[in-house]
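Data block below; observations after.
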Amino acid sequence: MKLFKLAQTFRNDEDGAVTVDWVVLTAAIVGLGIAVYGVVSGGINDLSTDIDTQLKTDQIKTTFQ
């Protein structure tokens, strides 16, 4: 009888349910972040290369005209 009551108490206990929810939500957010990084990283790399090229080719004038 004591084992049955222990099993029933274990079944009704919901203390860990919130932890499981947070783990699933955190995993979803991390997965979304990785997906966004995969989509955006190529464009950011191209843009940074373009900026680097522009900054290397610009000439700075030291005289006033």
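For clarity, every value in this text was computed on a predicted model and none was experimentally measured.
- Here T9 contributes atom OG1 and F4 contributes atom CZ; the two are 10.0 Å apart, rounded to the nearest 0.5 Å.
- Cluster annotation: Y37 and L47 are assigned to distinct hydrophobic clusters (Ile/Leu/Val/Met/Phe/Trp/Tyr, side-chain heavy-atom contacts under 4.5 Å, transitive).
- With rounding to the nearest 0.5 Å, the separation of CD1 in I44 from OG1 in T49 is 11.5 Å.
- Between S41 and G38 the shortest heavy-atom distance is OG-O, 3.7 Å.
- The closest donor-acceptor contact from the side chain of T26 to the backbone of V23 lies at 3.5 Å or more, if one exists at all.
- Judged by distance alone, the side chains of D50 and Q54 never bring a donor and an acceptor atom under 3.5 Å apart.
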